[in-house]
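Everything below concerns the one structure shown next.
Per chain, numbering begins at 1; letters A, B, ... match sequence-line order.
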Amino acid sequence: MTNRQSRIFAIAATAISALIFLILTVDSHRQFPELTHSKNITPEVTHGKDVWHKYNCINCHTLFGEGAYYAPDLTKITQHRGEAYLTAYMKNPSNFYDEQKHRRLMPTQDLSDKEIHDLIQFLDWVANVDNQGWPPRPILVTGGMTAGSAAAGEDPPGAKPVDEGDDPIAKGDRLFRTASPACNSCHSTAPGADMAGPTMAGLVTRAEEALASDEYQGEATDIEGYIRESIVAPSAHLVPGAMYSADGTSFMPTGYEDSLSDEEVDQLVAYLMSIK
Amino acid sequence: MRYRSQSVAYWYFAVAMALFGLQLVFGLLSAAKYLGPDPLLYILPFDVTKVIHTNLLIVWVLAGFMGGTYWLVPDESRTELHSTKLAYIQLILWTLMGVAAIIGYLFRYGTGNKLLEQPLPHKIVIVICMLIFLYNIGMTIKKSGRFTTTEGVLLLGLVSSAVLFLPALLHYENYTVSIYYRWWTIHLWVEGVWMMIMGSFLAYLLIRLSGADREVMEKWLYVIVGLVFIAGILGTAHHYYWVGVPQYWLPIGGLFSALEPAALVGMAIFAYSAMRRSGLAHPNAQALHWTIGSALFALFGAGLLGLAHTFPDINKWTHGTLITAMHGHAAFYGAYAMIILAMISYALPQMCPGRPEKGTTMGYWAFWMQVGGMFGMTLSFATAGIGQVYLERVMGMGYLDAQLKIQVHFLMLIATGTIFATGVGLYIFDFFRYRPVLDRADDTVPVSGDVGNTEAERGTV
């Protein structure tokens, strides 16, 4: 190869690569509105993005897997935690995590109510961007291991596939991992392993105690009813603890009443009744 | 030092060294926070130490590039710089901008956009500095009428760096679109035009140090530039994984990123063959260590470790974990930190008369402690990252619990990071140990190995 040929190689390689790149850029712009649901970028979402930037969130957390690796990825956080939880969390993270135990803690950021609300709208917009199904398995903040998890429609790892004829408990077990938001992103089934929500181990005993006590505020009369009520109307009775509720509202996401059929709620209750 | 104006490089290098030292302070501080609990939680939280750590890197590496260029261009074009005054004004502006940015970050004054955290006024100063710089270099070359291929590639790299900074100045409503253009600056700098700068520094040093034939070296420099851009431009796609862009960026990223090591292999062969062909002719063996070391460490850190997690099917699991930190540290150090240290090691004996040309014992300690320390840091990030991916991403353990399981790797990181920082400390001490004599151009100093240069003049363009 002569000097001249190598120069032509360098120039041609650069020019062709740049050209292809520019063409793909134009095409990407054509697809951005659909992939990112850009019509959902309301002024609240835009302000939420500014809040995300203002508080330098990306230098601890990742979003779309980009950022720093000191704190959990937040791409799908609004699919795991409801607005009430996230609001209370951002007001005081130390109510939820213990620095001695986890060895790190998010400093309280002094966000205004408006900032918190809009930030959550922004994160919710992010959670709905079509990003080729990443992460392939939910990234949890705490807990896990005992609670295998899977994308919607897939079998949880190590679980046997369920079909029509199966026991309701088996179906409930599956729903526990596949409902949206998945129950196991906040509840473990291991004794003592409280995550964002209390563990489901010992649920039956605790329900019994709650029903018998004077503090019970809900309408259920038996254990099944108590569990059912806690799924479809989480705020009917509040489990004590600043990490579970604030101002009379439970942090558990609402909406299972609509997203699950009656039969599915039955299955879930059957499963939860079966846990010791 | 053959041209008096080359002495401006000394002050650029001095600033670069000071900021490099400061970068490591914030790096070690950030690493310590991984062990926790953090007594500085409300004074100097992780996001602040981290943003300062990465920004200092950018500021000192660019200061090093600018200093290196001010050193290289008079040598190549055989003339004094167009204006040393402009060069000093630019350095002062640059340093003030850098220091002001760091102080601002302490008070959370920044854009919060990863690696582009500099507020708009700072970004404008960056642009002004780049324009002064390009003008000064351009005028120097124009005045001399002697324009070598090495300079051509260098200049094209610098101009493109400035142009590619422009998308960083714009505002995007859509977060995904803003990510898209952020990488035009960051990726195309790091894996495109900075590579050109590194390649031309490497060519310059190899020609001077090994007396390799200029015509041959410059021919290969073109080939390397071609390879850098084939892989680098479309390789931007590996930053477009999972961020909300069309699906086709996945296979494009997989394919072209896999080609990225080719250019780095090219540079390593380039360095090795230059050394083989001519033997170790030049007395400055220390600069040669850094030069060859840079080519090899870049191949390891940028090439191989990049390849390790660049295929979409693997990246799906490793994306956004400490695996990225493993690659980032080794790549930046090998490709950019080391080439600047090579340039400094080459130029310094010519600016500081008392300094032995072959290098100092302390300089060798600095070299091996840095290389060994960085290798250990890379391994620490790698083992931590593999643990994280397995526990958190594959097994589904919660983030915070998985981080507790990999504490031992953070201990390893701090231990090896301390070795690395000691190596850097020695280098900095060694840098300032001999007083520079900058007000004379000296033809009696053995002109460092511009061996074969008479023949080489044919290689000019």
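Contact of A:L105 with chain B is made through backbone and side chain together, with heavy-atom distances under 4.5 Å. In this structure, no portion of A:L19 lies under 4.5 Å from any heavy atom of chain B. When heavy atoms are compared at a cutoff of 4.5 Å, A:V141 approaches chain B by way of both its backbone and its side chain. Contacts of B:W220 with chain A are absent, with no heavy-atom separation under 4.5 Å from either backbone or side chain.
Atom-to-atom distance recorded for A:S28:OG and B:W249:CH2 is 5.0 Å, nearest 0.5 angstrom. Atom CZ of A:F9 sits about 4.0 Å away from atom CD1 of B:I230, to the nearest 0.5 Å. Put simply, OH on B:Y34 and OH on A:Y69 are 8.5 Å apart, with the number rounded to the nearest 0.5 Å. Of the inter-residue distances, the one linking A:Q31 atom CD with B:T176 atom OG1 reads 13.0 Å to the nearest 0.5 angstrom. A:H53 NE2 to B:E117 CD: the interatomic distance, rounded to the nearest 0.5 Å, is 9.5 Å. To the nearest 0.5 Å, atoms CZ (B:F46) and CG (A:N56) are separated by 10.5 Å.
Using non-hydrogen atoms only and a strict 4.5 Å limit, the part of residues 90-100 of chain A facing chain B consists of A:Y97, A:E99, A:Q100.
With hydrogens and angles disregarded, no donor-acceptor distance shorter than 3.5 Å links the side chain of B:K50 to the backbone of A:N59. Judged purely by atom type and a 3.5 angstrom limit, A:Q132 uses its side chain to pair as donor or acceptor with the backbone of B:V245. B:Y222 places no side-chain N or O within donor-acceptor distance of the main-chain N or O of A:I11, the cut-off being under 3.5 Å. A donor-acceptor pair under 3.5 Å is absent between the side-chain atoms of B:W242 and the main chain of A:G65, judged by distance alone. Distance alone, capped at 3.5 Å, places no donor-acceptor pair between the A:H102 side chain and the B:L404 backbone.
Per-residue counts of heavy-atom pairs under 4.5 Å with chain B were compared for A:T46, A:D50, A:V126; the largest is that of A:T46. Ranked by heavy-atom pairs under 4.5 Å with chain B, the first of A:I16, A:L63, A:T62 is A:L63. For the options A:S185, A:A13, A:S6, A:C60, heavy-atom pairs under 4.5 Å to chain B are most numerous at A:S6.
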Open item on the list: With ring pair (Phe, Tyr, Trp, His ring centres under 6.0 Å) as the criterion, how do A:H29 and B:Y172 come out once you've worked through the C-alpha distance, each side chain's angles and the decisive distance to 0.1 Å?
Closed with: CA-CA 13 Å; A:H29 268 283; B:Y172 308 93; 8.5 Å; no
Task: side chain to side chain donor-acceptor pair (under 3.5 Å) evaluation trace for A:T142 with B:D401 - done: CA-CA 6 Å; A:T142 47; B:D401 304 275; 4.9 Å; no
TODO: Could you go through the side chain to side chain donor-acceptor pair (under 3.5 Å) check for B:Q403 and A:R103 one step at a time?
DONE: CA-CA 9 Å; B:Q403 292 285 312; A:R103 304 199 141 259; over 6 Å; no
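Ring centroid separation for the pair B:H53 and A:Y70 does not come in under the 6.0 Å cut-off.
The nearest pair of heavy atoms linking A:L24 to B:Y248 is O-OH, 3.3 Å. Heavy atoms only, all atoms of each residue included: B:N174 and A:S38 are closest at ND2-CB, 3.9 Å. A:T108 approaches B:Y42 most closely through the heavy-atom pair N-OH, 2.7 Å. Looking at every heavy atom in both residues, B:G244 comes nearest to A:N131 through N-CB, 3.7 Å. Minimum interatomic distance between B:E173 and A:K49 (heavy atoms only, all atoms of both residues): O-NZ, 3.4 Å.
Ring geometry for B:Y180 versus A:F21: interplanar angle under 30°, hence parallel rather than tilted (30 to 60°). Using bins of under 30°, 30° to 60° and over 60° for the plane-to-plane angle, the ring pair A:W134/B:H319 lands in the perpendicular bin. Using the six-membered ring where Trp is involved, A:F122 and B:Y175 have ring planes that are perpendicular, over 60° apart on the 30 and 60° scheme.
The shortest distance between side-chain heavy atoms of A:T14 and B:I233 falls below 4.5 Å. B:E392 has its side chain within reach of A:I139: a pair of non-hydrogen atoms, C-beta onward, lies under 4.5 Å apart.
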